[in-house]
Amino acid sequence: MDILSVENIRKSFRNNFSFGKYEVLHDVSFFAGEGEILGFLGPNGAGKTTIIKIIMGLIKPDSGSVRILGGPVSDRETKRVIGFLPENPFFYPHLTLGEFLIFCAKMSGMKGKSLGSRIESVIEQVGLAGQKEKRLSGFSKGMTQRAGLAQAVLHDPDLLILDEPFSGLDPLGRKIIRDFLLELKARGKTIFFSSHILSDMEALCDSAYIIREGVIVRHVGLDEVFKMGEGKVEITARGYPLGLDGEIGKFINSEERLGGETFIVVNRQEYVRSVIQHLLNNGADILKVVGVKSTLEEIFVNEIGLQVTESKNGFMGKKKVAERKEKIWQG
Ligand SMILES: Nc1ncnc2c1ncn2[C@@H]1O[C@H](COP(=O)(O)OP(=O)(O)OP(=O)(O)O)[C@@H](O)[C@H]1O
Ligand SMILES: [Mg+2]
């Protein structure tokens, strides 16, 4: 059975300046099975938080349905199996971290002698050891985010719904939380999270849904991402003045220059020798030869960015990916 099933969700909001409504989610469907980590990826305003609020029952969709472990989210029992981290968590500032977590534990019906040690261990798992007596009003953004995660996992839920869990975390914090989420997955927990940080998504997800303007444009398995780059090899050369055209051009997937170096992606392993020979014959120095790993970033940029005419086989060079990504995030 699917742990989370979201089917044919439509949602519109009222227009501020005129009568009428505009639709922000258009027939959104996806599913998450037990022990899966599912990513939700999309630019600002794509509809990620809106769908998460609908899953949590905080706002109602115009149509469509959400089921968690086969039941509606409004069921008391269903609520108990979910842990939730909202997009901009705000907690009672006058409470200490310890008091806050006791409050959350009581809200979800936890009690008993083991509560104290459970709180201690969760505080440690999210990297807040030693901060239990500190007031939340003195927490930094990253610490607040970690406190938010601590309250989400405290009652050991089967399904975690996390809206931008890595936002505000430093690199070490991201690593701690990544490892923690992977540990939860290993224990059979299902995790659904939105993020802008593609590397975190790559490191964690079994698959990711890409959403654009309220429409799911792609569901991509991470094994598929790695396969996309298979067989391609990138050569870094210097001192090579000409473009690779003619006969040798057929072996080339992309060629670009950055800071005096040329990056050449060769289509297949067996062409590498000929390309290197050609480069050497033309006075180039070979700096590096590496196997190419395709990235989720490329797929994302490809899906969200408009037409991609420059790339062959859907593969883009570093510069193109960086340029397009910048454009996407800037809207
Ligand atoms: N309460 C609301 N009233 C009117 N419009 C809203 C409301 N909430 C969201 N929207 C609109 O719905 C669209 C989706 O917003 P949403 O917050 O879901 O995006 P998001 O993908 O989470 O973006 P971000 O990456 O910035 O968090 C946006 O156009 C937003 O303006
Ligand atoms: Mg959001």
Side-chain angles (χ1 to χ4, degrees), residues 4 6-30 32 37-66 73 82-91 141-142 144-149 151-152 159-169 173-174 177 181 191-202 204-205 207-220 296-297 299-306 321 324-331:
L4 170 67
V6 172
E7 285 186 85
N8 309 110
I9 295 288
R10 288 185 176 275
K11 175 70 187 169
S12 32
F13 289 110
R14 219 168 273 289
N15 210 325
N16 273 344
F17 303 106
S18 60
F19 295 110
K21 291 176 160 191
Y22 63 102
E23 195 171 77
V24 299
L25 294 174
H26 318 286
D27 202 17
V28 170
S29 301
F30 56 88
I37 303 189
L38 209 59
F40 210 45
L41 192 57
N44 294 136
K48 303 180 296 295
T49 297
T50 306
I51 196 78
I52 285 177
K53 285 181 180 167
I54 289 173
I55 293 173
M56 292 308 301
L58 300 172
I59 55 174
K60 281 198 180 336
D62 301 343
S63 60
S65 68
V66 173
V73 66
I82 315 177
F84 173 48
L85 175 72
E87 185 171 39
N88 295 307
F90 176 80
F91 307 123
K141 175 152 176 34
T144 305
Q145 193 73 3
R146 292 172 195 227
L149 265 165
Q151 64 77 34
L159 172 65
L160 277 174
I161 307 281
L162 311 172
D163 198 354
E164 306 274 355
F166 298 101
S167 126
L169 295 179
R174 276 166 48 198
I177 300 304
L181 296 180
I191 301 167
F192 176 75
F193 77 101
S194 70
S195 181
H196 288 126
I197 305 168
L198 292 139
S199 57
D200 288 328
M201 208 146 274
E202 255 177 20
L204 277 175
C205 292
S207 71
Y209 284 90
I210 300 179
I211 183 167
R212 172 183 171 183
E213 292 171 9
V215 178
I216 294 204
V217 290
R218 179 118 180 225
H219 180 206
V220 51
L296 181 58
E297 181 164 319
I299 298 180
F300 176 70
V301 169
N302 233 331
E303 287 299 340
I304 302 289
L306 307 167
V321 167
R324 278 177 190 273
K325 192 175 148 201
E326 207 166 297
K327 244 187 227 158
I328 290 163
W329 293 145
Q330 286 167 356

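In each ligand, atom 1 is the first atom listed, and ligand 1 is the first ligand listed.
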Show me which atoms of ligand 1 lie under 4.0 Å from any heavy atom of Tyr22. 4 (C), 5 (N), 6 (C), 11 (C)
Compute the shortest N/O to N/O distance between Gly45 and ligand 1 and return yes if it is under 3.5 Å, no if not. yes
Within the 4.0 Å heavy-atom shell around Thr50, which atoms of ligand 1 are there? 9 (C), 14 (C), 15 (O), 16 (P), 18 (O)
How about atom 4 (C) of ligand 1: does it have a protein heavy atom within less than 4.0 Å? yes
So, the side chain of Ser29 versus the backbone of Asn8: is there a donor-acceptor pair under 3.5 Å, distance only? yes
Side-chain contact, heavy-atom cut-off 4.5 Å: Arg146 with Leu169? yes
Using the six-membered ring wherever Trp is involved, compare the ring planes of Tyr22 and Phe13 and label them parallel, tilted or perpendicular (cut-offs 30° and 60°). tilted
Judging by distance only, is a nitrogen or oxygen of Lys48 under 3.5 angstrom from one on ligand 1? yes
How close do Gly214 and Val28 get, heavy atom to heavy atom, and via which atoms? O-CG2, 3.4 Å
N/O to N/O below 3.5 Å, does that happen between Gly47 and ligand 1? yes
Closest heavy-atom pair and its distance - Phe91, Thr144: CE1-O, 3.7 Å
Logged contact type for Glu87 with ligand 1, heavy-atom cut-off 4.0 Å, is side chain
Checking Gln145 side chain against Glu164 main chain: does a donor-acceptor pair fall under 3.5 Å? yes
Tightest non-hydrogen contact, residues Ile191 and Leu181, listed as CD1-O, 3.5 Å
Part of Phe40 with heavy atoms under 4.0 Å of ligand 1, whether side chain, backbone, both or neither: neither
Region of Thr49 that comes within reach of ligand 1 [heavy atoms, distance under 4.0 Å]: both
Could you tell me whether Ala46 and ligand 1 have an N or O pair separated by under 3.5 Å? yes
Donor-acceptor pair between Ser195 and Lys48 side chains, under 3.5 angstrom: no
Is it the case that the side chain of Gln151 and the backbone of Phe84 share a donor-acceptor pair, with hydrogens and angles ignored and the cut-off at 3.5 Å? yes
Can you pull out the closest protein heavy atom to atom 12 (O) of ligand 1? Residue, atom name and distance to 0.1 Å, please. Val24 CG1, 3.3 Å
If you scan protein heavy atoms around atom 26 (O) of ligand 1, the nearest is Asn44 ND2, 3.0 Å
Among protein heavy atoms, which sits nearest to atom 1 (N) of ligand 1, and what does the distance come to when rounded to 0.1 Å? Phe13 CE2, 3.6 Å
To 10 degrees, how wide is the angle OE2 (Glu87) to the Mg ion (ligand 2) to OG1 (Thr49)? 100°
